[in-house]
Amino acid sequence: MNYKDTVRYWLTSAKDDYKASCSLFDKGNYMPSLFFAHLYIEKVMKALYVYRHRQQAPFGHNVALLAEKSGITFDEDLWDFLYTITEFNIKTRYPDHKFKIKKRCNKRYTEKILDKTRKTALWLRRQIKL
């Protein structure tokens, strides 16, 4: 598979995760919605990494670290967002962390994170010119 096919693979998979995130949100499943929102950002970022470096994206789920490796420049607010959204991948998998996060995963909070997720992914996606 050439790098363009790999980029398309990541973007297609990301789109599916975004749809899942939106569907879960609509059903009131806020924490799982945020888990899929993280996957959406992660995969768009991996697509950008492959596009820029012409090699496979590194393994892992820490999108802030992936952003660094990709050479993406963010302001402080966006860095904070990347650290926040990474929590929804890692900490929602473990019961002790899951219950702490679940307390803040209400409709309004989730809606705010999903909006930032959509805008960030769109900005990342615009940097890929296939």
Side-chain angles (χ1 to χ4, degrees):
M1 187 171 355
N2 66 40
Y3 87 92
K4 288 182 181 181
D5 290 337
T6 304
V7 168
R8 286 185 193 103
Y9 162 79
W10 283 118
L11 293 174
T12 300
S13 183
K15 187 177 178 182
D16 291 342
D17 291 329
Y18 181 69
K19 287 178 185 176
S21 179
C22 292
S23 177
L24 288 162
F25 175 81
D26 290 343
K27 293 176 181 161
N29 294 318
Y30 302 127
M31 196 163 37
S33 173
L34 292 169
F35 174 81
F36 278 94
H38 170 273
L39 289 179
Y40 175 49
I41 286 287
E42 177 185 335
K43 290 176 182 180
V44 172
M45 207 170 284
K46 286 185 178 187
L48 182 58
Y49 180 93
V50 172
Y51 175 76
R52 287 185 169 182
H53 297 285
R54 308 296 199 260
Q55 64 184 27
Q56 290 295 328
F59 290 106
H61 304 291
N62 184 326
V63 291
L65 183 61
L66 185 57
E68 276 184 45
K69 290 180 179 184
S70 297
I72 300 168
T73 305
F74 290 116
D75 62 19
E76 190 174 327
D77 181 51
L78 209 40
W79 280 112
D80 290 342
F81 169 71
L82 295 179
Y83 284 108
T84 297
I85 199 144
T86 296
E87 277 188 309
F88 301 117
N89 183 281
I90 308 299
K91 292 185 177 179
T92 58
R93 296 174 187 238
Y94 302 99
D96 54 332
H97 294 289
K98 188 176 189 174
F99 295 119
K100 290 177 191 173
I101 290 174
K102 190 172 187 172
K103 290 178 185 177
R104 68 177 177 207
C105 291
N106 58 42
K107 183 177 183 176
R108 185 175 178 170
Y109 177 81
T110 304
E111 208 165 36
K112 179 181 164 189
I113 295 293
L114 292 181
D115 184 57
K116 186 104 175 169
T117 298
R118 185 186 55 76
K119 289 175 181 174
T120 302
L122 185 60
W123 178 76
L124 292 167
R125 176 64 184 91
R126 285 185 187 137
Q127 297 179 52
I128 300 171
K129 312 271 192 247
L130 289 181

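All figures in this text were calculated on a predicted structure; none of them were measured in a lab. Numbers here are sequence positions counted from 1.
One finds the CG atom of Leu48 at 13.5 Å from the CZ atom of Arg126 (value rounded to the nearest 0.5 Å). Thr73 contributes atom OG1, which lies 8.0 Å from atom CH2 of Trp79 (distance to the nearest 0.5 angstrom). Rounding to the nearest 0.5 angstrom, the gap separating the CD1 atom in Ile128 from the NZ atom in Lys4 is 12.5 Å. Here OH of Tyr9 is found 11.5 Å from CG of Leu11. Values are rounded to the nearest 0.5 Å. For the atom pair CG of Leu34 and CG of Leu114, the computed distance is 5.5 Å after rounding to the nearest 0.5 Å.
Connection of Tyr83 to Ile85 is established within a shared hydrophobic cluster, with ILVMFWY side chains joined at heavy-atom distances below 4.5 Å, either directly or through further cluster members. Hydrophobic clustering places Tyr49 together with Leu130 (ILVMFWY residues linked when any side-chain heavy atoms are closer than 4.5 Å, directly or through intermediates). No continuous path of ILVMFWY side-chain contacts below 4.5 Å connects Leu65 to Tyr40, so the two sit in separate hydrophobic clusters.
If you run side-chain contact (heavy atoms from CB on, under 4.5 Å) between Val63 and each of Ile41, Thr84, Thr120, Ile72, only Ile41 comes through.
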Please list, one pair per line, the donor and acceptor atoms closer than 3.5 Å that link side chains of residues 19-31 to other protein atoms, with sequence neighbours excluded.
from	atom 1	to	atom 2	distance (Å)
Ser21	OG	Ser33	O	2.7
Ser21	OG	Ser33	OG	3.2

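Judged by distance alone, the side chain of His38 and the main-chain N or O of His61 form a donor-acceptor pair under 3.5 Å. Between the Arg118 side chain and the Ala121 main chain, no donor and acceptor come within less than 3.5 Å of each other.
Counting only heavy atoms from C-beta outward, the side chains of Asn89 and Phe35 approach each other to under 4.5 Å. Contact check for Asp77 versus Phe81: no side-chain heavy atoms found under the 4.5 Å cut-off. Counting heavy atoms from C-beta on, the side chains of Met45 and Trp10 never come closer than 4.5 Å.
Under a cut-off of 6.0 angstrom, the local environment of CD in Gln55 is crowded, with over 12 non-hydrogen atoms contributed by other residues, nucleotides or ligands. For Lys15, the NZ atom sits in a loose shell: 12 or fewer heavy atoms of surrounding residues, nucleotides or ligands are nearer than 6.0 Å.
Applying the salt bridge (Lys or Arg N to Asp or Glu O under 4.0 Å) test to residues at least two apart or on different chains, the pairs with a partner in residues 38-62 are Asp17-Lys43, Glu42-Lys46.
Note: Phe74 and Trp123 meet the aromatic proximity criterion, with ring centroids under 6.0 Å apart.
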Verdict with reasoning, Tyr51 to Lys129, per side chain to side chain contact (heavy atoms under 4.5 Å, CB included):
CA-CA 8 Å; Tyr51 175 76; Lys129 312 271 192 247; 3.5 Å; yes

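A salt bridge does not link Lys112 with Asp115: every distance from a Lys NZ or Arg NE/NH1/NH2 to an Asp or Glu carboxylate oxygen is 4.0 Å or more.
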